[in-house]
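Below is one structure, written out as structure tokens; comments come after it.
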Amino acid sequence: LIVFWSVIIGMLITVNINAHYSETIEGAENEARDHFRLNMHYLAWNDKMGGVYVQSDKVAPNPYLKVPNRDIITKDNRQLTLVNPAYMTRMVYESIIASTPDPIINKITSLKPLNPINFPDRWEQKNLEAFERNEYKERSEVTEILGRPYLRFISMFITEESCLKCHAHQGYKVGDVRGAITVSVPLTKLFELKRETDIKIVGGYCFLWLFGTVGIAISSRRRSLDEVNLKISEKEYRTVAEYTYDWECWVDPDSRLRYISPSCEIHTGYSREEFLRDTDLMERITHPDDRNEFANHVPATSEATSQAHRHYVDFRIITKSGEERWFAHICQPVYEPDGEYLGQRASNRDITDRKQAEEALQVSKETLQRQNEELQAAKTAADSANIAKSQFLANMSHEIRTPMNGVIGMTQLLELSGLTDEQREYVTALKLSGHNLLSLINDILDLSKIEAEMVAIELMDFSLERCVNEVVLTQTSAANGKGL
């Protein structure tokens, strides 16, 4: 870039120096043209006067002027000679040349000059011939005269009626190109001024080049850093976007797919080039039962473009291999920093395993619910059976206690009769067994109360010795029978 900038500055310097050179030459041409017009006024004035007589002791007679009364003597005996326009102009030119070391050189020239000094050089002859062919009326060139730079300017002049007095014998007619005047303007001072200006131009552009080069260097450094940051940012983007397992995409405001991550091929079997090339592929692979819901999950309202609004939908696709897969879709609007809406940024995550687990969990839930219902029914039946059993035990306890009370009452009456000691012992044992059986029946009744949660616990005195004696008494007969 610095090389390009240097070339531009070099071209600008060259163009400006050349333009300044052209302006210098154009200024010299204008100066020469002004001198030409001044000369033509001198010639016209002299021609209008028919020439001017001057004293012969001041001006030598023109030997090339062949006209009557060229030299005359006045009544006061002064000798005069006729000075024609060309002769006057040449003498003025000679005086100008003698007056300054760097003069403007004027010359009258013609293809048929009367004075040999007016013969044209090669350049003048070429232009005079072009004037006669009417190719142009003036020309200029930059050349050296006496080792110094000059601008030579030549312009033609036409034969007029007054010119025929001196030049008719040469065959000129009114309107013919009679000759030209060459004006040579010195360029030494102009070139010195130009050189000073060129130095300023070059210096200014060098400063501009230096300033621009420093700016380019700083800009290049910043651009280099920006490129590094851009590469880092691009690497981060590609790491996140290109290597994400989820299926990522971006849809613009016109619903055109602008980006899709390569992971789409892992999930669908279709490459991202196929998605970008085929705009209807997404619709075709969506499960027929989910197409309508998926197509309308983003409402066509301003709510859809709200920065805080996200849209969710679960849908199924049919992969390239014919497999059915579930995906969780989430999308949200994206914007430029200036607020321009760019479309929807979406992410699709494969949730097939989750959906299958949910289906298996639902089946297990239904099975467990059915088993719970069966267990509840069994529990209800068991509770009914327990209630029936308790009612049966309560009824049986009442029914058995009544005759037992009768047996105990008879033993009490029997004790009042005349009994032997052995018989009394048997009656006492019978009475004790009856009380024990009645106590057992009460315990069965208490068991039914426990199941019915109606039992009442009482605090009573207890004699261990009495309890042991009663056990011995009731078991004596059985022990004797066994020889114990």
* To do: Starting from the C-alpha separation in whole Å, work towards a yes-or-no answer on side chain to side chain contact (heavy atoms under 4.5 Å, CB included) for Thr352 and Glu323.
  => CA-CA 11 Å; Thr352 304; Glu323 182 183 3; 5.7 Å; no
Close side-chain approach of [X] to [Y], heavy-atom, < 4.5 Å:
X      : Y      : value
Phe294 : Glu283 : no
Phe191 : Tyr21  : yes
Val183 : Asn39  : yes
Val7   : Met11  : yes
His20  : Glu23  : yes
Glu138 : Phe153 : yes
Leu128 : Met156 : no
Ile104 : Glu31  : yes

Working to the nearest 0.5 Å, report the span between [atom1] of [X] and [atom2] of [Y].
X      : Y      : atom1 : atom2 : answer
Thr182 : His35  : OG1   : NE2   : 14.0 Å
Tyr136 : Ser155 : OH    : OG    : 11.5 Å
Thr188 : Leu193 : OG1   : CG    : 11.0 Å
Glu293 : His287 : CD    : NE2   : 12.5 Å
Ile260 : Glu273 : CD1   : CD    : 10.0 Å
Leu151 : Ile145 : CG    : CD1   : 9.5 Å

* To do: Please test Ile17 against Tyr205 for side chain to side chain contact (heavy atoms under 4.5 Å, CB included), starting from the C-alpha separation and ending with a verdict.
  => CA-CA 11 Å; Ile17 289 178; Tyr205 276 105; over 6 Å; no
Could you tell me whether [X] and [Y] make a salt bridge, using a distance below 4.0 angstrom between a side-chain N and a carboxylate O?
X      : Y      : result
Asp102 : Arg148 : yes
Glu274 : Lys320 : yes
Arg345 : Glu248 : yes
Arg354 : Glu358 : yes
Asp34  : Arg37  : yes
Lys194 : Asp198 : yes
Asp121 : Arg152 : yes

Taking the side chain from [X] and the backbone from [Y], do they hold a donor-acceptor pair closer than 3.5 Å?
X      : Y      : value
Asp254 : Arg256 : no
Arg139 : Glu124 : no
Trp209 : Trp5   : no
Thr367 : Val363 : yes
Thr286 : Met282 : yes
Thr268 : Cys264 : yes
Asp290 : Arg316 : yes
Ser263 : Thr244 : yes
Arg258 : Trp250 : no

Search all heavy atoms of [X] against all heavy atoms of [Y] and return the closest pair with its distance.
X      : Y      : result
Ala28  : Leu187 : CB-CD2, 3.6 Å
Phe131 : Ala180 : CE1-CB, 4.0 Å
Pro103 : Pro186 : O-CD, 3.6 Å

Enclosure of [X] [atom1] (heavy-atom neighbours >12, cutoff 6.0 Å):
X      : atom1 : result
Arg133 : CZ    : yes
Arg349 : CZ    : no
Leu225 : CG    : yes
Lys137 : NZ    : no

* Tell me, with the steps shown, if His329 and Phe315 meet side chain to side chain contact (heavy atoms under 4.5 Å, CB included). => CA-CA 7 Å; His329 173 89; Phe315 71 105; 3.6 Å; yes
* Could you check whether the rings of His267 and Trp247 sit parallel, tilted or perpendicular, using 30° and 60° as the cut-offs? => parallel
* Might you work through the side chain to side chain contact (heavy atoms under 4.5 Å, CB included) test for Thr279 and Leu257, ending with a clear yes or no? => CA-CA 7 Å; Thr279 56; Leu257 184 63; over 6 Å; no
* Gln125 and Glu129 side chains, donor-acceptor separation under 3.5 Å -> yes
